Amino acid sequence: MHPGLAVGLVFAGCCSNVIFLELLVRKHPGCGNIVTFAQFLFIAVEGFLFEVDLGRKRPAIPIRYYAVMVTMFFTVSVVNNYALNLNIAMPLHMIFRSGSLIANMILGIIILKKRYSVFKYTAIALVSVGIFICTFMSAKQVTSQSSVSDDDGFQAFAWWLLGIGALTFALLMSARMGIFQETLYKQFGKHSKEALFYNHALPLPGFIFLASDIYEHAIRFSESEPYQIPVVGVSIPVMWFYLLMNVITQYVCIRGVFILTTECASLTVTLVVTLRKFVSLIFSILYFQNPFTPWHWLGTLCVFIGTLLYTEVWKHLRRPPPEEDKKK
């Protein structure tokens with residue numbers, strides 16, 4: 001597939017996925033579990049049919065390694081979605097998750113004993129400053145907008161603080177999962193589609209512990225106002241329509257990223273994903289009128305400039321990679 005088409009899938013899938021996720025959480029802030037379950041179920045069914053051939057295809061990587069990876073992946077997905085129920089606004093959620101470079105660097109130094117250049121440490125410091133600015137300004141907004149009561153203001157701030165803790169935990173866990181994945185791929189080879197299936201299929205039994213919450217939100221979704229789907233003409237509750245579109249766009253997003261990793265260098269993938277996050281953030285602020293001060297813009301700018309500096313994009317813009325030189 002042409003890389004341009006893969007980039008189109010990433011932008012179309014991931015950006016629209018954020019839109020439908022915000023439509024869901026604005027109406028029902030605690031609906032993260034049913035959203036996660038629907039996404040996992042859809043990708044698991046698709047993988048069972050087309051990747052593992054109805055279970056007849058043996059995995060290239062032993063299941064015991066997938067069990068460890070799945071535990072981390074399931075935890076990260078649930079915690080990230082649940083953080084939206086803890087006074088965490090969608091823009092802050094996106095900015096905070098953009099700090100994955102920091103977590104990867106910290107754990108890379110601790111676990112893999114990696115060492116980086118001074119320039120990369122500077123880029124990470126810039127990302128850290130940007131996240132700190134956005135987080136600090138969001139904290140002030142939570143306490144000032146929550147209520148006129150000091151007790152209610154403190155309670156809102158306490159929940160927000162718990163949400164920040166949840167995002168930090170998920171960020172570090174996601175980085176640890178990336179390192180674990182990297183070691184597996186070095187040992188057994190890259191099997192991204194297989195990993196995608198097992199990461200979504202094996203955690204499904206774990207949703208039994210969240211069944212009551214999922215059922216409760218399923219009832220709420222069914223009670224939402226009806227929405228007539230264009231072209232098809234079928235009328236369904238609007239929250240179920242948002243969930244369906246969220247699941248489909250999530251699948252398009254993941255597939256687009258997978259295709260991009262097979263067609264392009266990792267630097268290109270990083271740049272595309274970073275730019276996609278920035279576009280999603282801008283759209284979320286403008287369309288949903290999320291509160292965003294000049295300080296937030298400054299913090300956001302620090303995050304994305306730091307990310308681009310970390311990838312050393314200018315080196316690759318000045319001249320093509322050696323492989324491409326040889327081909328030419």
Side-chain angles (χ1 to χ4, degrees), residues 14 17-49 63-90 92-94 96-97 155-156 158-178 180-181 195-224 236-251 253-254:
C14 300
N17 177 258
V18 171
I19 295 171
F20 287 109
L21 178 60
E22 185 151 1
L23 288 170
L24 286 164
V25 299
R26 276 177 169 260
K27 188 73 173 178
H28 297 288
C31 68
N33 289 332
I34 190 173
V35 172
T36 306
F37 172 70
Q39 292 174 351
F40 276 49
L41 182 63
F42 181 87
I43 295 175
V45 170
E46 189 274 341
F48 184 72
L49 294 175
I63 292 294
R64 65 180 181 275
Y65 293 114
Y66 278 125
V68 177
M69 191 190 305
V70 158
T71 301
M72 292 187 282
F73 183 70
F74 178 78
T75 304
V76 168
S77 298
V78 171
V79 172
N80 269 327
N81 281 328
Y82 191 73
L84 293 169
N85 197 30
L86 299 171
N87 281 341
I88 301 295
M90 184 63 75
L92 179 61
H93 193 272
M94 287 187 281
F96 211 93
R97 293 180 68 178
Q155 185 179 21
W159 282 113
W160 174 87
L161 205 59
L162 184 61
I164 292 297
L167 287 176
T168 303
F169 171 80
L171 199 64
L172 292 172
M173 180 67 76
S174 178
R176 182 64 185 91
M177 182 182 70
F180 183 71
Q181 236 174 348
L196 182 66
F197 166 72
Y198 284 105
N199 279 345
H200 289 80
L202 294 181
L204 288 178
F207 284 99
I208 294 175
F209 300 103
L210 307 173
S212 59
D213 180 74
I214 294 173
Y215 178 76
E216 178 185 347
H217 281 89
I219 296 298
R220 292 182 184 180
F221 281 17
S222 299
E223 293 172 349
S224 61
I236 63 173
V238 67
M239 295 302 291
W240 282 114
F241 173 73
Y242 291 157
L243 181 62
L244 174 64
M245 295 305 297
N246 176 269
V247 169
I248 293 174
T249 53
Q250 172 74 2
Y251 176 75
C253 175
I254 291 178

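Numbers here are sequence positions counted from 1. From a predicted model like this one, the values you see are computed outputs, not experimental measurements. Values below: every heavy atom of this structure, side chains too, minus hydrogens, waters and symmetry copies.
- Between Ile63 atom CD1 and Met69 atom CE the span is 10.5 Å, to the nearest 0.5 Å.
- Between Phe169 and Thr75, the closest side-chain pair of non-hydrogen atoms falls below 4.5 Å.
- Atom CG of Leu243 sits about 10.0 Å away from atom CD1 of Ile248, to the nearest 0.5 Å.
- The minimum heavy-atom distance linking Leu196 with His200 is given by the pair O-ND1, 2.7 Å.
- In this structure, CZ on Phe20 lies 9.0 Å from CG on Leu244, to the nearest 0.5 angstrom.
- The shortest non-hydrogen separation linking Pro203 to Tyr198 is CD-O, 3.8 Å.
- Note on ring orientation: taking the six-membered ring where Trp is involved, the planes of His28 and Phe221 are tilted (angle from 30° to 60°).
- Rounded to the nearest 0.5 Å, atoms CE (Met239) and SG (Cys31) are 5.5 Å apart.
- Summarising the geometry of Ala44 relative to Leu204, their closest heavy-atom pair is CB-CD1, 3.9 Å, with the distance given to 0.1 Å.
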- Task: Please step through side chain to side chain contact (heavy atoms under 4.5 Å, CB included) for the pair Val68 and Met72, ending with a clear verdict.
- Result: CA-CA 7 Å; Val68 177; Met72 292 187 282; 4.0 Å; yes

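- Listed here is the closest heavy atom pair of Ala83 and Ala166: CB-CB, 4.4 Å.
- Between Phe197 and Tyr66, every side-chain heavy-atom pair lies at or beyond the 4.5 Å cut-off.
- In this structure, Leu210 and Phe207 have side chains that are in contact, with non-hydrogen atoms separated by less than 4.5 Å.
- For the pair Thr168 (side chain) and Ile164 (backbone), a donor-acceptor distance under 3.5 Å is present.
- Note: Tyr242 OH to Ile19 CD1 = 11.5 Å, rounded to the nearest 0.5 Å.
- For the pair Asn17 and Gln39, the minimum side-chain heavy-atom distance is below 4.5 Å.
- Side chain of His217 to backbone of Gly30: a donor-acceptor contact under 3.5 angstrom is found.
- The closest side-chain heavy-atom distance from Phe74 to Leu202 is not below 4.5 Å.
- Of all non-hydrogen atoms in Phe40 and Asn199, the two that sit nearest each other are CE2-O, 3.7 Å.
- For the atom pair Ser212 OG and Asn33 CG, the distance stands at 9.0 Å (nearest 0.5 Å).
- Here the closest heavy-atom approach between residue Asn80 and residue Ala170 is recorded as OD1-CB, 3.5 Å.
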